[in-house]
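Here is the structure we will look at.
Along the sequence shown, residues carry numbers from 1.
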Amino acid sequence: MIRLFAVAFLLLLSMALPARAHVVEAGADLRVTQSFAAGEVTLVVAGVSRVPASLRVSAQAVHPTSLRLELELRSLTDGSRSTGSVSVGQSAAALRAGHVGPHELRVRAGDEVSLIPLRVLVPTSAPWTMLMDGAFLVAGLLVVGGVLAGRMSRLVVGGASAAASLAVAVMLLAPYLPAAQPEGAAPVADPGRPYAQGRFSTSPALPATGAEFTLILRLTDGATGRPLDDLAVHHEAPAHLVVTSEGGAVFRHVHPLRTGPGVLAVRLRVPHPGRYLAYAEIERQDSGGQLLSGAFEVSGAAPPDASSQETATPRVTPAAPAAGSPATIEISPEGPIKPWLGMPGHLIVRSGDGVHLAHVHGTAAGASALRFTLTLPEPGRYLAWAQYAVEGRLVTRSFTLEVRR
């Protein structure tokens with residue numbers, strides 16, 4: 001048994017990997033999706049193991065595009081800067097990060113600019129992690145030394161057993177102990193920050209059908225009234241913006257650019273005039289998520305070639321969903337699904353009157369189905385849009401749900 005333990009210990013040592021450093025959280029790259037007028041791009045900022053270091057930034061897109069991005073990394077600590085450029089699907093740019101802490105990544109695509117806050121972090125080991133590693137090392141050294149010397153005294157066996165027991169105990173308790181703060185992390189804020197206040201506007205004030213306009217969301221702190229600038233990246237974007245025409249004929253799910261503290265903006269075109277509803281899903285650092293809503297008007301007449309949405313005939317279980325009870329919706333995609341925004345699929349559901357909006361994530365149900373489960377709060381007619389990436393394109397398919405009492 002002792003010999004077996006020694007062999008197992010040596011195998012564990014040989015398979016041990018160094019802790020991976022990170023930009024946002026341990027073991028994960030930072031992925032930020034942004035909607036430029038020329039197309040939607042996901043920027044991937046790779047983790048670093050130490051500083052100073054090269055911060056590698058690449059660009060990915062569901063739709064093939066030749067979009068080129070000009071990059072500038074600026075330290076918010078000492079103002080130092082590093083520049084580069086990257087094209088979608090091409091080699092990553094290398095930007096120099098001289099130290100840990102807060103930075104801002106400036107991304108330019110044509111005349112559009114997005115300012116992405118990020119922190120360069122280097123992980124540190126918690127005291128109990130070092131205690132566990134030390135105990136395992138002591139146990140292993142005692143056992144291996146005893147085996148090699150051909151003498152396993154009671155003192156050696158007892159010491160190895162005690163060290164191994166301590167290491168196992170710490171290992172079992174580790175998931176319940178607070179993680180060590182990485183070097184360069186922001187101070188942990190008290191949870192339960194005030195809700196954000198959001199105000200939507202457009203430029204120009206009255207957009208015209210078929211013409212490009214900018215939808216702007218200004219965020220302020222609910223307590224101080226100051227610009228709110230502590231959004232967390234969730235599901236690969238600081239904010240998810242859904243825009244629908246009141247009747248549901250037009251649907252957009254985009255990811256606005258941060259153009260300044262507390263200001264998000266995105267360029268849009270819509271094919272129909274009338275009233276539009278806007279919903280922004282945001283999440284503050286160290287706090288919960290929130291849904292902000294607003295509305296705006298579009299003038300003009302619908303062009304004769306206004307495109308219609310792709311429709312779907314989903315399988316709904318139960319066939320007549322009831323308010324307050326879960327329902328399962330299955331969609332059959334056209335081919336193999338690739339993750340988009342970190343998920344196999346997304347389902348946006350809006351009540352007919354626009355009061356309720358739900359955003360749920362799907363799971364792959366075998367090779368030929370995408371499954372969503374949700375609960376709708378009230379009876380009535382709901383408009384729904386399923387989204388997924390397949391064959392190099394983002395597919396949006398619409399349908400309606402009738403929910404009974």
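Arg269 contributes a side-chain N or O that, together with a main-chain N or O of Gly210, makes up a donor-acceptor pair within less than 3.5 Å. Counting only distance, with no hydrogens or angles, the side chain of Ser35 and the backbone of His255 share a donor-acceptor pair below 3.5 Å. In this structure a side-chain-to-backbone donor-acceptor pair under 3.5 Å is missing from Ser87 to Gln90. Side-chain atoms of Asp221 do not come within 3.5 Å of backbone N or O of Leu228 as any donor-acceptor pair. At least one donor-acceptor pair closer than 3.5 Å links the side chain of Glu112 to the backbone N or O of Ala37. Of the possible polar contacts, one joining the Ser299 side chain to the Pro207 backbone as a donor-acceptor pair under 3.5 Å is found. A distance-only check finds a donor-acceptor pair linking the side chain of Ser245 to the backbone of Val250 [under 3.5 Å]. Counting only distance, with no hydrogens or angles, the side chain of Arg258 and the backbone of Leu115 share a donor-acceptor pair below 3.5 Å. Here the side chain of Arg404 pairs a donor or acceptor atom with the backbone of Ala320 at under 3.5 angstrom. Proximity of a side-chain donor or acceptor of His253 to a complementary backbone N or O of Phe251 within less than 3.5 Å is not detected.
Note on Arg267 versus Asp111: salt bridge recorded, some NZ/NE/NH1/NH2 to OD/OE distance being below 4.0 Å. A salt bridge links Glu236 and Arg31; the closest N-O separation between the charged side-chain nitrogens and carboxylate oxygens is under 4.0 Å. With respect to the salt-bridge test (charged N to carboxylate O, under 4.0 angstrom), the residues Arg315 and Glu330 qualify. Between Arg393 and Glu40 there is no salt bridge, since none of the side-chain N atoms of the basic residue sits less than 4.0 Å from a carboxylate O of the acidic one. With salt bridges taken as basic N to acidic carboxylate O contacts below 4.0 Å, one links Arg68 and Glu70.
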Worksheet entry | From CA spacing to verdict: side chain to side chain contact (heavy atoms under 4.5 Å, CB included), Leu347, Ile329 | CA-CA 9 Å; Leu347 179 66; Ile329 297 168; 3.9 Å; yes

Discussion item. Quick one, Tyr388 with Ile331, criterion side chain to side chain contact (heavy atoms under 4.5 Å, CB included). Give me CA distance, side-chain angles, the key distance, then yes/no.
Written reply: CA-CA 10 Å; Tyr388 50 88; Ile331 299 285; 4.1 Å; yes

Worksheet entry | Derivation and outcome, side chain to side chain contact (heavy atoms under 4.5 Å, CB included), residues Leu241 and Leu215 | CA-CA 10 Å; Leu241 179 63; Leu215 179 61; 3.7 Å; yes

Practice prompt. Could you go through the side chain to side chain contact (heavy atoms under 4.5 Å, CB included) check for Ile337 and Leu370 one step at a time?
Written response: CA-CA 9 Å; Ile337 296 172; Leu370 189 60; 3.9 Å; yes

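Interatomic distance, OG of Ser351 versus NE2 of His356, reported as 5.5 Å (0.5 Å rounding). Between atom CG of residue Asp230 and atom OG of residue Ser287 there is a gap of 8.0 Å, rounded to the nearest 0.5 Å. The CG atom of Leu105 sits 10.0 Å away from the OG atom of Ser82 when rounded to the nearest 0.5 Å.
Aromatic rings from His234 and His240 are positioned such that their centres are separated by under 6.0 Å. For His346 and His235, the gap between ring centers reaches or exceeds 6.0 Å.
Checking Tyr195 against Arg284 by side-chain atom types alone, no donor-acceptor pair falls below 3.5 Å. Looking at Thr244 and Arg350, their side chains do bring a donor and an acceptor atom within 3.5 Å of each other. For the residue pair Thr220 / Gln197, no side-chain donor-acceptor distance below 3.5 Å is found, with atom types taken as modelled. Side-chain contact annotation: Ser203 with Thr214, donor-acceptor N/O pair under 3.5 Å absent. Between Ser114 and Gln34, the side chains place a donor N or O and an acceptor N or O closer than 3.5 Å (distance only, hydrogens not considered).
Annotation: side chain of Leu264 is in contact with side chain of Leu219 (closest heavy-atom distance under 4.5 Å). Counting only heavy atoms from C-beta outward, the side chains of Thr328 and Val316 never approach each other to under 4.5 Å.
Under a cut-off of 6.0 angstrom, the local environment of CZ in Phe296 is crowded, with over 12 non-hydrogen atoms contributed by other residues, nucleotides or ligands.
Residues satisfying the salt bridge (charged side-chain N to carboxylate O under 4.0 Å, His left out) criterion with Arg252, sequence neighbours excluded, are absent altogether. Annotation: salt bridge (charged side-chain N to carboxylate O under 4.0 Å, His left out) contacts of Asp353 (sequence neighbours excluded): none. Judged as a salt bridge (charged side-chain N to carboxylate O under 4.0 Å, His left out), and not counting sequence neighbours, Arg226 has no contacts.
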Enumerate donor-acceptor pairs with a distance under 3.5 Å from any side-chain N or O in residues 273-283 to protein atoms, sequence neighbours excluded.
| from | atom 1 | to | atom 2 | distance (Å) |
| --- | --- | --- | --- | --- |
| Arg275 | NH1 | Glu246 | OE2 | 3.1 |
| Tyr276 | OH | His272 | O | 2.6 |
| Tyr279 | OH | Gly354 | O | 2.7 |
| Glu281 | OE1 | His359 | ND1 | 2.6 |
| Glu281 | OE2 | His359 | ND1 | 3.4 |

Review item, side-chain donor-acceptor pairs of residues 379-386, under 3.5 Å, at least two apart:
| from | atom 1 | to | atom 2 | distance (Å) |
| --- | --- | --- | --- | --- |
| Tyr382 | OH | Glu378 | N | 3.3 |
| Tyr382 | OH | Glu378 | O | 2.7 |
| Trp385 | NE1 | Gln309 | OE1 | 2.8 |

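Pairs of residues two or more places apart, or lying in two chains, never qualify as ring pair (Phe, Tyr, Trp, His ring centres under 6.0 Å) while including a residue from residues 31-66.
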